[in-house]
Amino acid sequence: MIVQRVCLGKVYDVLLSAYGCQGWWPAETAFEVCVGAILTQQTSWKNVERCISTLKDEGLLSCSAICDAPHRVMEHHLFSTGFYRQKSRRLKDFCKHLQENYRCDEGKLLSRPLDAARHELLSLKGIGKETADSMLLYAGAHPIFVVDAYTCRILSRLHSIPVGDYDAVQTVFHDALPKDMGLYREYHALLVEHGKRTCLKNEPLCENCVLRWICFFGEK
DNA sequence: ACCCAGGTGGCCC
DNA sequence: GGGCCACATGGG
């Protein structure tokens, strides 16, 4: 199925007018984006916010501080994000990698050429495609589209794309849209906002939502 | 008492 | 290379 550029552009317009500018990622620094990207895996952002706030209060929202903090301490502070043992280990691994290779400067890694930076991130345990692309787009300002569960779900309903095929969904967006970092940032945020509100996991179609008319007329 | 959340890696076949 | 599964808390 060939996806028309105008179609995904219209989806964007509808979502933007329905929900307004989201202004993602909700973080003060690039490092905070990276931490949030790891912590929000399979977890609601609400749970992550609590932990980020705690890390700030404890002076633990920096690469060197996280490297120095004992596992038990990190686990304690990451408790409410769920999977806190894994996330403590993986967050420390990520920070250790930054410390050993980039003197704790995540910008040095993220400003490498896109393919090289992405490959490097994906080599780290606990950083998969979505997490890597979130870091690259929102912390590294690279024009790469982030695909998450909502994105797959929404797009599969609009265009008969298999749910779960990250690369296929990402390619659709890359081919259909201008290579624009700001657009990619806002579009992904809008898809998440829309997904949270109306696209339930077990619903076959987006019924009674702002994209309903596109479900009928969007495929040309 | 379920189902779900801004995933990922390790099995197994 | 796809289909399960563990990882774990918090909210509806």
Take atom [atom1] of [X] and atom [atom2] of [N], then tell me their distance rounded to the nearest Å.
| X | N | atom1 | atom2 | answer |
| --- | --- | --- | --- | --- |
| A:Tyr166 | B:dG9 | OH | P | 13 Å |
| A:Trp45 | B:dG7 | CH2 | P | 12 Å |
| A:Lys196 | C:dG12 | NZ | C1' | 14 Å |
| A:Leu39 | C:dA8 | CG | P | 13 Å |
| A:Gln86 | B:dG9 | CD | P | 9 Å |
| A:Leu124 | B:dT8 | CG | P | 12 Å |
| A:Gln41 | C:dT9 | CD | C1' | 15 Å |
| A:Gln42 | C:dT9 | CD | P | 14 Å |

For A:Tyr84 and for A:Ser44, locate the closest nucleotide of DNA chain C by heavy-atom distance; then report the residue assigned to the nucleotide nearer the 5' terminus.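 Looking at the nearest nucleotide for each, A:Tyr84 comes out on the 5' side.
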Tell me yes or no: between the side chains of A:His194 and A:Tyr19, is some donor less than 3.5 Å from an acceptor?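 Yes.
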Is the NZ atom of A:Lys56 crowded by more than 12 outside heavy atoms at less than 6.0 Å?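 Count over threshold, so yes.
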Do the rings of A:Phe173 and A:Phe145 sit parallel, tilted or perpendicular, given the 30° and 60° boundaries?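 Aromatic pair A:Phe173/A:Phe145 classed parallel.
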Do the ring planes of A:His188 and A:Trp24 sit parallel (below 30°), tilted (30 to 60°) or perpendicular (above 60°)?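 A:His188 vs A:Trp24 ring planes: perpendicular.
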Given [options], the nucleotide with the shortest approach to the side chain of [X]:
| X | options | result |
| --- | --- | --- |
| A:Arg50 | C:dG10, B:dA5, B:dG7 | C:dG10 |
| A:Arg153 | B:dA5, B:dG7, C:dT9 | B:dA5 |
| A:Arg85 | C:dA8, B:dG7, C:dG10 | C:dA8 |
| A:Phe79 | B:dG9, B:dG7, C:dG10 | C:dG10 |
| A:Arg90 | C:dG11, B:dG9, C:dT9 | B:dG9 |

Just how far is it from atom CD1 of A:Ile127 to atom NZ of A:Lys125, taken to the nearest 0.5 Å?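 A:Ile127 CD1 to A:Lys125 NZ: 12.5 Å, rounded to 0.5 Å.
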Provide the distance between the two P atoms, one in C:dA8 and one in B:dG10, to the nearest whole Å.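 Nearest-Å result for C:dA8 against B:dG10 at atom P: 15 Å.
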For A:Lys125 and for A:Glu130, find the nucleotide of DNA chain B with the closest heavy atom, then tell me which residue's nucleotide is more 5'.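 Comparing both residues, the 5'-ward one is A:Glu130.
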Taking only side-chain N and O atoms of [X], does any of them lie within less than 4.0 angstrom of OP1 or OP2 on [N]?
| X | N | answer |
| --- | --- | --- |
| A:Thr43 | B:dG7 | no |
| A:Lys87 | C:dT9 | no |
| A:Arg89 | B:dT8 | no |

What's [X] touching, base or sugar-phosphate or nothing? Going by heavy atoms closer than 4.0 Å.
| X | answer |
| --- | --- |
| A:Ile127 | sugar-phosphate |
| A:Lys46 | nothing |
| A:Ala149 | sugar-phosphate |
| A:Asp148 | sugar-phosphate |

With A:Val48, which of A:Ile38, A:Val35, A:Leu39 fulfils side chain to side chain contact (heavy atoms under 4.5 Å, CB included)?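 The side chain to side chain contact (heavy atoms under 4.5 Å, CB included) with A:Val48 is passed solely by A:Leu39 among A:Ile38, A:Val35, A:Leu39.
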